[in-house]
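Beneath this line is the structure, given in structure tokens, with notes to follow.
Positions are given from 1 along the sequence. Indexing begins at 1, ligand by ligand and atom by atom, following the structure's order.
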Amino acid sequence: MTRARYDDVAQYYEGIMRPFERWVIPGLRMAALREIPAGARTLEVGAGTGLNFVHYPAEATGVASEVSGEMLKIAGEKQRPGGVALLQNCAEDLPFQNASFDAAFATLVFCSVASPVKALAELRRVVRSGGTVVLLEHVRPSGVLGVLFDFLNLFTSKLFDDHINRQTAKTASDVGLEVVKVERSRLGIINLITCRV
Ligand SMILES: C[S@@+](CC[C@H](N)C(=O)[O-])C[C@H]1O[C@@H](n2cnc3c(N)ncnc32)[C@H](O)[C@@H]1O
């Protein structure tokens with residue numbers, strides 16, 4: 001696999017994230033995991049350094065996947081439930097058969113995937129009909145703040161590969177996922193999106 005963008009920041013990632021975790025998204029990782037039905041075989045995409053593993057139920061089964069080998073290396077050093085495999089792959093091209101999972105989720109991933117449309121369509125494909133897709137994402141807020149985000153995105157997308165004006169709930173709906181709930185926080189910038197396949 002070619003070198004991924006996050007390979008270069010992997011060792012600093014958790015340090016960079018610490019204030020964000022504390023002040024912007026406290027409790028929201030756990031809230032995202034709570035949306036996943038008990039016993040669901042689950043796929044996490046863009047699992048990064050495995051910051052969600054502490055919130056997995058002990059009996060969790062499925063796959064935690066990530067495109068960056070360096071992020072994955074750090075994730076591999078963390079404790080995770082025995083039924084969860086780690087795999088390097090790209091969210092836009094998942095190596096799973098149709099309807100392989102009961103649920104899928106991602107946290108803070110769809111701001112940086114190259115094609116949110118392809119990746120969300122892949123989640124729809126690999127999760128069975130009636131299954132659940134949960135996304136915790138920062139997105140474009142509405143109103144004048146949205147216009148500001150459009151402007152700032154010119155820089156963040158080039159400098160950090162971080163697209164801060166994506167409308168992830170709309171994109172999920174566009175690819176055919178049924179968006180059943182969007183919980184907005186932090187002026188609408190943080191969305192916890194729950195979809196049904
Ligand atoms: C901001 S980090 C979030 C990591 C983790 N989900 C978390 O909440 O801490 C974004 C992650 O998405 C991964 N990523 C970006 N594009 C991806 C893709 N196309 N397929 C899989 N993972 C991807 C990056 O390598 C990175 O680990």
Non-hydrogen atom of Leu108 closer than 4.0 Å to ligand 1: yes
Closest approach of any protein heavy atom to atom 5 (C) of ligand 1, naming residue and atom: Gly46 O, 3.3 Å
Polar side-chain atom of Arg80 near backbone of Val84 as donor-acceptor pair, under 3.5 Å: yes
Atoms in ligand 1 flagged as close to Leu51, the criterion being non-hydrogen separation under 4.0 Å: 9 (O)
Lys/Arg-Asp/Glu bridge criterion (N-O < 4.0 Å) met for Arg124, Glu122: no
Side chain, backbone, both or neither: Ala47 near ligand 1, heavy atoms under 4.0 Å: backbone
Arg196 side chain to Val180 backbone, donor-acceptor under 3.5 Å: no
Atom 20 (N) of ligand 1 - nearest protein heavy atom and its distance: Ala91 N, 2.8 Å
Side chain Ser65, main chain Glu44, donor-acceptor under 3.5 Å: yes
Side chain Arg128, main chain Asn98, donor-acceptor under 3.5 Å: no
Residue Met71 vicinity, atoms of ligand 1 by number, heavy atom under 4.0 Å: 27 (O)
Numbered atoms of ligand 1 (with element) below 4.0 Å of Asn89, judged on heavy atoms: 21 (C)
Distance-minimising heavy-atom pair for Ile190 and Ile25: CD1-CG2, 4.1 Å
Donor-acceptor contact below 3.5 Å, side chain Asp162 vs main chain Thr156: no
Contacting atoms of ligand 1, where contact means under 4.0 angstrom from a heavy atom of Ser112: 10 (C), 12 (O), 15 (C), 16 (N)
Note, Leu33 side chain near Phe105 side chain (heavy atom, < 4.5 Å): yes
Under 3.5 Å donor-acceptor, Gln88 side chain and Val67 backbone: yes
Nearest non-hydrogen protein atom, atom 9 (O) of ligand 1: Tyr13 OH, 2.7 Å
Side chain, backbone, both or neither: the part of Arg5 lying under 4.0 Å from ligand 1 by heavy atom: neither
From the candidates His138, Glu92, Glu137, the one that places a heavy atom nearest atom 19 (N) of ligand 1: Glu92
Ligand-side contact atoms (ligand 1) for residue partner Gly48, heavy atom cut-off under 4.0 Å: 4 (C), 27 (O)
Contacting atoms of ligand 1, where contact means under 4.0 angstrom from a heavy atom of Cys90: 19 (N), 20 (N)
Heavy-atom proximity to atom 23 (C) of ligand 1, best of Leu28, Val67, Leu136, Asp162: Val67
Under-4.0 Å heavy-atom contact with ligand 1, by part of Arg29 that carries it: side chain
Salt bridge flag under 4.0 Å for residues Glu14 and Lys78: yes
Modelled atom types, side-chain donor and acceptor of Ser68 and Asp7, under 3.5 Å: yes
Closest non-hydrogen atom pair, Ser185 against Leu28: OG-CD1, 3.8 Å
Close-contact set for ligand 1 against Ser68 heavy atoms, below 4.0 Å: 25 (O)
Check: Glu66 N/O within less than 3.5 Å of ligand 1 N/O: yes
Ligand 1 atoms in contact with Val109 (distance to a heavy atom under 4.0 Å): 6 (N), 12 (O)
Nearest protein heavy atom with distance in Å, relative to atom 8 (O) of ligand 1: Thr107 OG1, 2.6 Å
